[in-house]
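Presented below is the structure to which this report refers.
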Amino acid sequence: MLARRIIPCLDVRDGRVVKGVRFQNHEDVGGIEELARRYAEEGADELVFYDISASPSGRTVEPEWVGRVAQAIDIPFCVAGGIRSLEHARARLFGGADKISINTPALENPGLIDAMAKEFGSQCVVVGIDSRVIDGDWRCHKNTGDPSKTSTEHRKTLDWIREVVDRGAGEIVLNCMDQDGVREGYDIDQLAAAREACSVPLIASGGAGAMDHFRDVFQKADVDGALAASVFHKAVIAIPDLKAWLSAEGVEIRL
Amino acid sequence: MTTAIVDTSTANIASVRYALERLGARYKLAETPDEASECDRIILPGVGAAGPAMTRLKATGWAQALQGDQRPLLGVCLGMQLLFDYSVESDCELLGLIPGRVERLDPGSDGPWPHMGWNTLTPVKSDEPLLEGVTDGAHVYFVHGFYTPLSAHTSASTHYGIGITAIARKGHVAGCQFHPERSAKTGAQILTNFVKGAA
């Protein structure tokens with residue numbers, strides 16, 4: 001049986017891994033390769049590297065560290081942040097990344113999804129979505145790495161999920177912003193609604209604080225993977241303990 | 001012992017190279033068959049669609065060379081599918097080294113399409129050399145939307161909606177549908193078995 005995936009997310013700013021609360025007040029939590037290697041050895045199923053400063057400031061992730069990560073670890077990883085063209089995507093994929101994830105650039109230029117899927121295959125095209133309730137509907141947000149530039153994109157989240165899948169996205173990461181960094185549990189309602197709308201693999205993001213949050217999001221929202229950052233970076237939850245516990249709770253897990 | 005990596009110009013070449021480097025195995029990236037003349041085994045990597053990959057293998061001379069080659073050959077992911085006869089994905093003829101067709105996968109109620117993530121390996125043939133030292137039911141990393149059904153040439157299987165050939169073999173020609181280069185310790189063991197001489 002296909003295992004549910006546990007995915008540490010490493011937010012990268014200026015070559016270091018950082019973590020903030022509700023996307024703000026970032027603190028340094030370690031070096032990129034050092035954390036990547038540690039998580040791979042502890043049993044992470046996949047890693048996501050998200051350059052949170054890339055989109056607002058117009059910079060892009062350094063392909064150079066992509067290669068160093070690809071050399072260091074033997075599990076798949078995805079690179080996100082500031083990828084706005086086929087050339088940006090190609091540099092990261094040929095540098096050794098297994099997937100690239102686009103968020104704000106996809107909202108600004110949806111045709112980029114079609115172009116990337118055609119060029120590299122849907123399997124490596126992930127669309128990230130930052131979403132929260134505005135005026136009674138879940139809606140997408142742009143440029144969430146920089147609070148001064150964060151804006152509400154008026155697309156409805158569920159409509160956007162259907163559109164990006166039609167355009168060739170091979171996986172969706174749904175980050176529920178109201179839950180991000182506060183460790184009170186994933187947004188089960190929103191993720192379950194997204195699951196209904198999403199015919200490709202769906203990854204939950206935002207809110208993990210305890211082991212039962214992972215069990216709940218797998219069992220109640222039927223997501224394929226659960227992404228988390230601070231609980232792993234701050235050693236609130238150890239990945240081997242989490243995976244053993246989930247397995248005992250009846251969740252299919254790679255041990 | 002040097003392994004040739006066929007330069008298919010697809011995105012997982014870097015991952016395969018780095019995996020061999022982690023194992024301390026010598027390799028050579030070979031754009032043409034001539035560049036692999038000193039090598040004693042061959043890895044055919046690949047991601048993406050079958051049609052463009054076959055076009056490129058024909059253009060570089062690799063398609064014809066692989067059809068006549070007797071060295072151990074390991075196809076990975078798309079490279080594994082290319083070993084078969086025909087793919088519905090691009091409606092194209094493949095290398096024809098292992099009998100069978102590549103079909104579109106229907107996961108049914110097992111989950112979304114494509115098949116993406118860690119799934120279990122079930123040995124079908126007890127003498128498959130690539131599986132030496134690999135635990136039954138170990139997880140490996142799959143990313144694919146097309147598949148080869150179980151057949152007489154299935155050495156190991158997995159299940160996602162239907163039985164899927166995870167490792168195929170006919171004589172010196174073998175292939176992994178999953179990515180051993182991204183399958184942690186299990187993948188490293190399989191690659192080690194290949195580069196250290198499993199035929």
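Below, read A as the first sequence line, B as the second, and so on, with proteins coming before strands; counting in each chain starts at 1.
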Rounded distance [0.5 Å steps], CG in Leu93(A) versus CD1 in Ile13(B): 13.0 Å

Could you check whether any side-chain heavy atom of Ser199(A) comes within less than 4.5 Å of a side-chain heavy atom of Pro112(B), counting everything from C-beta outward? no

Would you mind checking which part of Ser9(B) comes under 4.5 Å of any heavy atom in chain A, side chain (CB onward), backbone (N, CA, C, O), both or neither? backbone

Can you see which heavy atom on Pro114(B) is nearest to which on Gly170(A), and at what distance? CD-O, 4.3 Å

Which portion of Ala19(B) sits near chain A, non-hydrogen atoms under 4.5 angstrom: neither

Beyond-backbone contact of Met1(A) with His159(B), side-chain heavy atoms, under 4.5 angstrom: no

Take Ser15(B) and Asp98(A) through the side chain to side chain contact (heavy atoms under 4.5 Å, CB included) test and state the conclusion after the steps. CA-CA 8 Å; Ser15(B) 307; Asp98(A) 298 275; 4.2 Å; yes

Closest non-hydrogen atom pair between Ala70(A) and Arg22(B), with its separation: O-NH1, 3.1 Å

Closest non-hydrogen atom pair, Met116(B) against Gln123(A): CE-O, 3.6 Å

Under a 4.5 Å heavy-atom cut-off, does chain A meet the side chain of Glu181(B), its backbone, both or neither? backbone

State whether the number of non-hydrogen atoms from other residues, nucleotides or ligands found under 6.0 Å of Gln64(B) atom CD is greater than 12. no

Given that the side chain runs from C-beta out, which part of Leu202(A) has a heavy atom under 4.5 Å from chain B: side chain, backbone, both or neither? neither

Quick one: what part of Thr120(B) sits under 4.5 Å from any heavy atom of chain A, side chain, backbone, both or neither? both

Counting only heavy atoms not in Glu33(A), do more than 12 sit closer than 6.0 Å to its CD atom? yes

Looking at chain A, which one of Ala184(B), Ala188(B), Pro180(B) has the largest number of heavy-atom pairs inside 4.5 Å, strictly under? Ala184(B)

Side chain, backbone, both or neither: which part of Lys99(A) has a heavy atom under 4.5 Å from chain B? side chain

Which atom pair, heavy atoms only, marks the closest approach of Arg5(A) to Gly117(B)? NE-CA, 4.1 Å

Arg182(B) (side chain) donor-acceptor with Ile75(A) (main chain) under 3.5 angstrom: yes

Exceeds 12 heavy-atom contacts within 6.0 angstrom, atom CD of Glu132(B): no

In sequence, state the C-alpha distance, the side-chain angles, and the governing distance for Glu252(A) and His139(B), and then conclude on side chain to side chain contact (heavy atoms under 4.5 Å, CB included). CA-CA 11 Å; Glu252(A) 183 71 18; His139(B) 284 88; 4.0 Å; yes

Minimal non-hydrogen separation, Trp118(B) against Pro76(A), with atom names: CZ2-CD, 3.8 Å

Surrounding CD of Glu38(B) (heavy atoms of other residues, nucleotides or ligands, distance under 6.0 Å), is the total greater than 12? no

Portion of His115(B) that has a non-hydrogen atom of chain A nearer than 4.5 angstrom: side chain

Lys125(B) NZ: over 12 foreign heavy atoms closer than 6.0 Å: yes

From Asn119(B) atom CG to Arg254(A) atom CZ, the distance as rounded to the nearest 0.5 Å: 12.5 Å

When rounded to the nearest 0.5 angstrom, what distance separates CD in Glu46(A) from OH in Tyr141(B)? 4.5 Å

